[in-house]
Amino acid sequence: MGIISVEQTNRLLWLGRYTERVYTTLRLYSNSYDAMIDEITDSYQAFCKMIDIPDVYGTKEEFQRKYPFDEQNPDSIFSNLDRAYDNAIVLREEISSEALSYIQLAIYAMTKARISRAPLIEMQRVMDNILAFWGIADDSIDDEQIRDIIKTGKRIERLDLYARLGMGRRALKREIRRLEPRIRRSGVSYREENINRMKELVEEPEIDYYKIVNEVETIL
């Protein structure tokens, strides 16, 4: 492909980040969906706090309607999926039309989920299409650096979300191990000291998740 521009690098990173954000938050939302329906007191506020988004919903019914599907809400799952598509369509030549098509299919599935009486079925299709996108991108993109940049974005986002969600030590250590070689190969400018500090933080008896989030947010 030749030299990758700063704009292309940024779009590739955010393509990785947005697809991961959609996948992980949708999986978390789906796992919480039935519990929210059956609960007597609202727990959606705790969900918002956990993933660090403002509570603009008021009731769990509004949360269940707007958080996945509201295109006007910048924190909604649909908005993040739409941002992934915006980056993917500009990068069509770099990632292949076939890889782009799976992002399009994810949007179609999310649109169907919005009007479905069984939205979790269509949401599962969204997650399946995201997984298919990652698979076909890995298979069809010949330029190794492009693959590494997308996966760097994916790993950064996953580590950020896992820290916010208070995931266990083992999961965090695994994601740090997976990010480190990928970001080195990507050619992206990053702070090595942030990775070293994260390694130290996950070894502490009491993990300071806030500090890990800060290291992730300032790694580039």
Common cluster, Leu13/Tyr85, ILVMFWY with side-chain heavy-atom separation under 4.5 Å: yes

Close side-chain approach of Arg177 and Lys173, heavy atoms under 4.5 Å: yes

Side chain Arg191, main chain Thr218, donor-acceptor under 3.5 Å: yes

Heavy atoms from other residues, nucleotides or ligands near CG of Asn31 exceed 12 (cutoff 6.0 Å): yes

same_hphob_cluster(Val216, Met50) at 4.5 Å side-chain heavy-atom cutoff: yes

Nearest-0.5 Å distance that lies between atom CZ in Arg178 and atom CD in Glu175: 5.5 Å

Counterpart residues, side chain to side chain donor-acceptor pair (under 3.5 Å), relative to Gln104 (two or more places apart): none

Expected output: side-chain Ser116 to main-chain Lys112 donor-acceptor under 3.5 Å: no

Step-by-step side chain to side chain contact (heavy atoms under 4.5 Å, CB included) determination, Gln45 to Lys60: CA-CA 8 Å; Gln45 296 100 332; Lys60 69 179 180 183; over 6 Å; no

Set of ring-ring contact (aromatic ring centres under 6.0 Å, His included) partners for Tyr190, sequence neighbours left out: none

Any Thr25 side-chain heavy atom under 4.5 Å of Asn80 side chain: no

Beyond-backbone contact of Val56 with Asp75, side-chain heavy atoms, under 4.5 angstrom: no

Where Ile130 and Thr19 come nearest, the two heavy atoms and their spacing: CG2-O, 3.8 Å

Name of the residue among Arg155, Arg158, Lys154, Arg27 meeting salt bridge (charged side-chain N to carboxylate O under 4.0 Å, His left out) with Glu20: Arg158

Taking every non-hydrogen atom, the tightest pair across Ile146 and Ile141: CG2-CG2, 3.8 Å

Working for side chain to side chain contact (heavy atoms under 4.5 Å, CB included), residues Val22 and Met110: CA-CA 11 Å; Val22 169; Met110 201 65 182; over 6 Å; no

Distance-minimising heavy-atom pair for Ser186 and Thr152: CB-OG1, 3.5 Å

Phe63/Tyr57 aromatic ring centres below 6.0 Å: yes

Same apolar cluster (I L V M F W Y, side chains within < 4.5 Å links), Ile149/Leu220: yes

Nearest atoms (heavy-atom pairs only) where Asp86 meets Ile89: O-CG2, 3.4 Å

Nearest-0.5 Å distance that lies between atom OH in Tyr18 and atom CD1 in Ile77: 14.5 Å

Donor-acceptor pair, side chain of Asp52 and main chain of Cys48, under 3.5 angstrom: no

Atom pair OH/CG of Tyr23 and Leu131 - distance to nearest 0.5 Å: 4.5 Å

Test side chain to side chain contact (heavy atoms under 4.5 Å, CB included) applied to Leu172 and Leu159, step by step: CA-CA 7 Å; Leu172 290 173; Leu159 189 52; 4.0 Å; yes

Residues, nucleotides or ligands: over 12 heavy atoms within 6.0 Å of Lys199 NZ: yes

Short side-chain to backbone donor-acceptor contact, Arg21 and Leu161, under 3.5 Å: no

Side-chain heavy atoms of Ile95 within contact of Leu12, under 4.5 Å: yes

Minimum side-chain heavy-atom gap Asp128-Gln124 below 4.5 Å: yes

Any donor-acceptor N/O pair, Asp160 side chain to Ile156 backbone, under 3.5 Å: no

Pair Gln8-Ser5, side-chain donor/acceptor within less than 3.5 Å: yes

Ser97 backbone acceptor or donor facing Arg92 side chain under 3.5 Å: no

CD/Gln72: more than 12 non-hydrogen atoms of other groups inside 6.0 Å: no

Heavy-atom check, side chain of Ile51 versus side chain of Arg164, under 4.5 Å: no

Residue pair Leu201 / Ile207, side-chain heavy-atom distance below 4.5 Å: no

Salt bridge Lys211-Glu215, side-chain N to carboxylate O under 4.0 Å: no

Under 3.5 Å: donor-acceptor pair, side chain of Tyr29, backbone of Gln64: yes

ILVMFWY network linking Val202 to Met167, side-chain heavy atoms under 4.5 angstrom: yes

Donor-acceptor contact below 3.5 Å, side chain Arg65 vs main chain Asp70: no

Closest approach of Pro119 to Phe69 (non-hydrogen atoms, all atoms of both residues): CB-CZ, 4.4 Å

Shortest non-hydrogen contact between Val126 and Ala109, atoms and distance: CG2-CB, 3.6 Å

Reported CD1-to-CG distance for the pair Ile183 and Asn194, which is rounded to 0.5 angstrom: 9.0 Å

4.5 Å side-chain heavy-atom contact, Ile219 and Leu179: yes

Spacing of Thr24 atom OG1 and Glu157 atom CD [to the nearest 0.5 Å]: 7.5 Å

Verdict with reasoning, Arg114 to Thr111, per side chain to side chain contact (heavy atoms under 4.5 Å, CB included): CA-CA 5 Å; Arg114 181 162 47 193; Thr111 302; 3.9 Å; yes

Pairwise distance CG(Asp82) to CG(Asn87) - rounded to 0.5 angstrom: 10.5 Å

Hydrophobic cluster membership, Tyr108 vs Leu100, 4.5 Å side-chain cutoff: yes

Lys/Arg N to Asp/Glu carboxylate O, Glu200 vs Arg197, below 4.0 Å: no

Distance-only side-chain donor-acceptor flag, Tyr44 / Asp55, under 3.5 Å: yes

